[in-house]
Amino acid sequence: MNTKLYFLIAWIFILFGIAIRFYFQFISWTFNGDEINLGINIIEKSFRELLLPLERGQSAPPLFLLLMKFFSLFGKPELTLKILTFITSSLTLPLFYKIIKRKKEKIYLLALGLLCFSPFVITNSLTLKHYSFDLFFIVLGFIIINYKRSSYTLIIFSILFCLCSNIGPFFCLSSIILILNQANFSRFNRFHLRSILFLAVGPIVYFIYFIYFINQEGADELRAFMQDYWEEAFAPLNLDFIKWFLIRVKGLGFYFFTSYLLIDIFLLLISFIGIVANLIEKNKNEIIHKILKNYLIIISIHLVLSSLKLYPFSDRLYLYLAPFLYISLTKGILTCLNIFNSSLLKKKIKLKYRFHYISFILLIIMIYQIPYKDNDVKNTISEIRNYNDDIYITQKSKASISLWFELTKDRNVQKILEKSNILDIEVLPEKNAFILSRQQLKFGHQKETSLPEIEIQFLLSEKKIKLVQTFIGYKLYIFKP
């Protein structure tokens with residue numbers, strides 16, 4: 001593949017990836033429950049209050065909250081609160097391309113394509129949480145650490161990363177460890193010392209804020225809530241760790257690759273080969289080697305903090321691992337192909353492979369899956385508000401819709417809440433009526449959903465209701481007595 005074609009394909013991936021993000025963020029958009037709860041905190045609290053423990057079981061890095069508060073001041077919050085995560089999610093793509101384009105092997109386009117089109121990455125990088133900042137800053141950090149290391153750049157970057165993302169201190173600490181390893185102590189000089197000191201500024205500022213935060217009213221209650229909520233995401237300090245770790249690895253394949261178990265296992269094995277190949281290769285100064293080494297230290301820090309119940313290791317909280325997994329997979333594929341070629345050349349047979357065939361198959365699997373934020377209250381309300389018959393809603397539906405009303409103060413939502421009745425299977429309607437129920441989408445394929453609510457299961461078994469329309473996260477039935 002020549003350079004011009006490589007450049008063209010890369011930017012097609014990037015622009016298409018940005019277009020998909022724009023569609024899901026501003027056209028076919030929605031908020032999940034966590035986003036709404038955090039959004040209400042951002043809107044209702046002052047800038048100073050956002051530096052204190054939040055309500056509704058929410059938490060986020062301080063600078064992230066302040067930036068979101070600033071954007072929320074302009075226009076409708078359900079739109080303005082989406083701008084910054086869209087920007088960071090989109091900027092991550094060309095930044096990642098800046099890293100992989102330095103590789104002579106064009107197969108690294110696969111890693112870029114996976115990052116552009118992964119449903120898990122798209123969904124969680126657009127969420128009203130700091131996960132997009134985790135991913136954006138870690139990719140930016142690799143560029144700054146490997147290509148540009150001026151004094152002011154490192155100080156500003158380390159502070160911004162640590163105050164916008166909980167992963168910031170992990171990255172700064174791992175980079176300091178790698179600098180010490182690179183200097184090998186005997187060759188330690190002023191340049192290494194300055195780099196370490198400048199990278200340490202961010203974690204120090206973060207630590208000062210953390211001490212201030214945990215001594216505020218409500219911090220103990222929030223910590224207890226978080227430890228209970230994320231209980232399964234904390235690593236056990238006994239033999240159960242092996243089972244726990246294998247479940248986490250399975251989750252990595254499920255979220256970052258596909259929802260097909262056998263394919264996930266195969267791709268994870270290829271990724272593991274890529275990690276091993278990277279660690280044993282001779283060129284220790286090569287950027288991919290440095291990045292994967294840095295990631296392994298960061299993961300180790302994350303696992304240690306998880307075992308101490310300080311930071312959970314689970315699905316959306318490890319979104320920042322996407323470049324690591326996609327680079328490792330690409331490296332693994334390249335390693336396997338080189339091994340096959342070497343063995344075949346001994347028999348004077350040359351295996352001609354086209355990496356874009358592999359890329360095409362994996363990307364099709366990716367695109368077949370869909371982003372899974374499944375609380376499309378806006379379009380659900382706009383569809384059902386014109387129904388003239390009585391409307392009944394389940395308790396779960398009411399809870400989700402009421403939460404959306406708290407965020408948006410939408411009059412149409414208010415009218416539906418006032419017009420509708422709560423479904424009670426003990427007192428069923430006496431005439432034809434519509435019933436709106438909550439039914440969540442599972443991550444993976446479009447037709448996979450959770451089980452209907454208990455009331456709906458009962459009415460379906462009695463054949464008293466019939467499905468009329470399906471929305472993202474909701475189903476509308478008609479009841480006939």
Side-chain angles (χ1 to χ4, degrees), residues 29-41 43-44 54-58 77-78 127-129 221 225-226 228-232 372-443 447-481:
W29 55 273
T30 180
F31 278 92
N32 61 37
D34 261 358
E35 290 179 286
I36 295 174
N37 281 319
L38 184 60
I40 292 171
N41 273 285
I43 293 167
E44 293 183 349
L54 302 180
E55 299 172 351
R56 299 170 179 266
Q58 296 299 310
E78 62 266 31
T127 298
L128 179 53
K129 287 282 189 175
E221 292 80 0
F225 171 82
M226 289 297 179
D228 181 63
Y229 181 84
W230 291 105
E231 182 179 4
E232 294 183 359
Y372 70 114
K373 286 199 289 186
D374 63 341
N375 187 30
D376 191 1
V377 179
K378 178 177 175 289
N379 288 320
T380 302
I381 295 299
S382 65
E383 286 288 331
I384 69 173
R385 67 181 181 180
N386 297 319
Y387 285 97
N388 296 319
D389 292 315
D390 291 342
I391 296 177
Y392 287 77
I393 57 177
T394 61
Q395 289 285 0
K396 285 186 178 179
S397 294
K398 183 181 179 182
S400 296
I401 295 171
S402 298
L403 204 58
W404 177 253
F405 175 68
E406 284 189 64
L407 176 69
T408 63
K409 309 302 180 188
D410 189 324
R411 291 183 179 179
N412 291 322
V413 178
Q414 184 179 21
K415 289 177 182 177
I416 291 295
L417 288 171
E418 291 173 351
K419 175 183 176 182
S420 59
N421 305 294
I422 300 298
L423 177 65
D424 183 355
I425 58 174
E426 298 296 332
V427 185
L428 293 174
E430 297 180 354
K431 59 180 181 178
N432 288 359
F434 289 98
I435 299 174
L436 182 68
S437 73
R438 188 85 166 92
Q439 191 165 2
Q440 296 173 309
L441 290 170
K442 292 182 179 180
F443 178 75
K447 294 181 180 179
E448 293 189 9
T449 59
S450 61
L451 290 172
E453 296 179 62
I454 295 175
E455 307 97 302
I456 301 301
Q457 289 185 48
F458 171 76
L459 293 173
L460 285 170
S461 66
E462 295 291 319
K463 297 182 179 180
K464 292 184 176 181
I465 58 174
K466 183 179 179 181
L467 181 64
V468 176
Q469 195 167 355
T470 299
F471 307 101
I472 300 177
Y474 297 87
K475 287 194 173 182
L476 185 68
Y477 297 89
I478 186 168
F479 174 84
K480 291 185 178 182

- Query: Sequence neighbours excluded, which residues qualify as salt bridge (Lys or Arg N to Asp or Glu O under 4.0 Å) partners of E383?
  - Reply: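 For E383 there are no salt bridge (Lys or Arg N to Asp or Glu O under 4.0 Å) partners, ignoring immediate neighbours.
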- E231, CD atom: more than 12 neighbouring heavy atoms under 6.0 Å: no
Show every donor-acceptor pair shorter than 3.5 Å between a side-chain atom in residues 455-463 and any protein atom, with sequence neighbours excluded, or say none if there are none.
| from | atom 1 | to | atom 2 | distance (Å) |
| --- | --- | --- | --- | --- |
| Q457 | NE2 | P452 | O | 2.7 |
| S461 | OG | Q457 | O | 3.4 |
| S461 | OG | F458 | O | 2.6 |

- Message: Considering only residues two or more places apart or on different chains, which pairs with a residue in residues 391-407 satisfy salt bridge (charged side-chain N to carboxylate O under 4.0 Å, His left out)?
- Response: R56-E406
- Message: Could you work out, with salt bridge (Lys or Arg N to Asp or Glu O under 4.0 Å) as the rule, every residue matching E55, not counting sequence neighbours?
- Response: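 For E55, the residues satisfying salt bridge (Lys or Arg N to Asp or Glu O under 4.0 Å) (neighbours in sequence not counted) are K45.
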- Item | S437: side chain to side chain donor-acceptor pair (under 3.5 Å) partners, not counting sequence neighbours | none
- With sequence neighbours left out, what residues match D410 under side chain to side chain contact (heavy atoms under 4.5 Å, CB included)? T408, N412, V413
- Inter- and intrachain pairs under ring pair (Phe, Tyr, Trp, His ring centres under 6.0 Å), touching residues 410-432, at least two apart: none
- Message: Is there a side-chain contact between I401 and L436 in this structure, where contact means two heavy atoms from C-beta onward sitting under 4.5 Å apart?
- Response: yes
- Got a second to check how far L38's CG is from L54's CG, nearest 0.5 Å? 6.5 Å
- Item | Euclidean distance, M226 CE relative to Q58 CD, rounded to 0.5 Å |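 Here the rounded value is 6.0 Å.
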- Query: Of all heavy-atom pairs between L428 and F479, which one has the smallest distance, and what is that distance?
  - Reply: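 The pair with the smallest heavy-atom distance is CB-CZ, 4.0 Å.
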- Taking C-beta and beyond as the side chain, do I384 and F471 meet within less than 4.5 Å on heavy atoms?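 Heavy-atom side-chain distance check passes, below 4.5 Å.
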- Locate the shortest heavy-atom distance separating I36 from W404; write the atom from each residue and the value.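 Residues I36 and W404, closest heavy atoms: CD1-CE3, 3.8 Å.
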- Item | Set of residues satisfying side chain to side chain contact (heavy atoms under 4.5 Å, CB included) with respect to E44, sequence neighbours excluded |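 With neighbours one apart ignored, the set is I40.
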- Search all heavy atoms of F405 against all heavy atoms of L417 and return the closest pair with its distance. CB-CD1, 4.2 Å
- Query: Which residues satisfy the salt bridge (Lys or Arg N to Asp or Glu O under 4.0 Å) test with D424, sequence neighbours excluded?
  - Reply: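 Applying salt bridge (Lys or Arg N to Asp or Glu O under 4.0 Å) to D424 gives none.
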- Answer whether the closest heavy-atom distance between the side chains of Y474 and R438 falls below 4.5 Å.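 Side chain of Y474 against side chain of R438, heavy atoms only: contact under 4.5 Å found.
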- Query: Can you list the residues that meet the side chain to side chain donor-acceptor pair (under 3.5 Å) rule with S420, with sequence neighbours excluded?
  - Reply: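 For S420, no residue satisfies side chain to side chain donor-acceptor pair (under 3.5 Å) once neighbours in sequence are set aside.
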- Item | Stepwise side-chain contact (heavy atoms from CB on, under 4.5 Å) test for I422 and I393 | CA-CA 5 Å; I422 300 298; I393 57 177; 4.1 Å; yes
- Task: Check side chain to side chain donor-acceptor pair (under 3.5 Å) between S397 and all other residues, then give those that pass, not counting sequence neighbours.
- Result: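 Once residues adjacent in sequence are excluded, the partners of S397 under the side chain to side chain donor-acceptor pair (under 3.5 Å) criterion are T394.
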- Query: Sequence neighbours excluded, which residues qualify as side chain to side chain contact (heavy atoms under 4.5 Å, CB included) partners of K466?
  - Reply: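 With neighbours one apart ignored, the set is I478.
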- Message: With heavy-atom distances below 4.5 Å as the criterion, would you say the side chains of E35 and E78 are in contact?
- Response: no
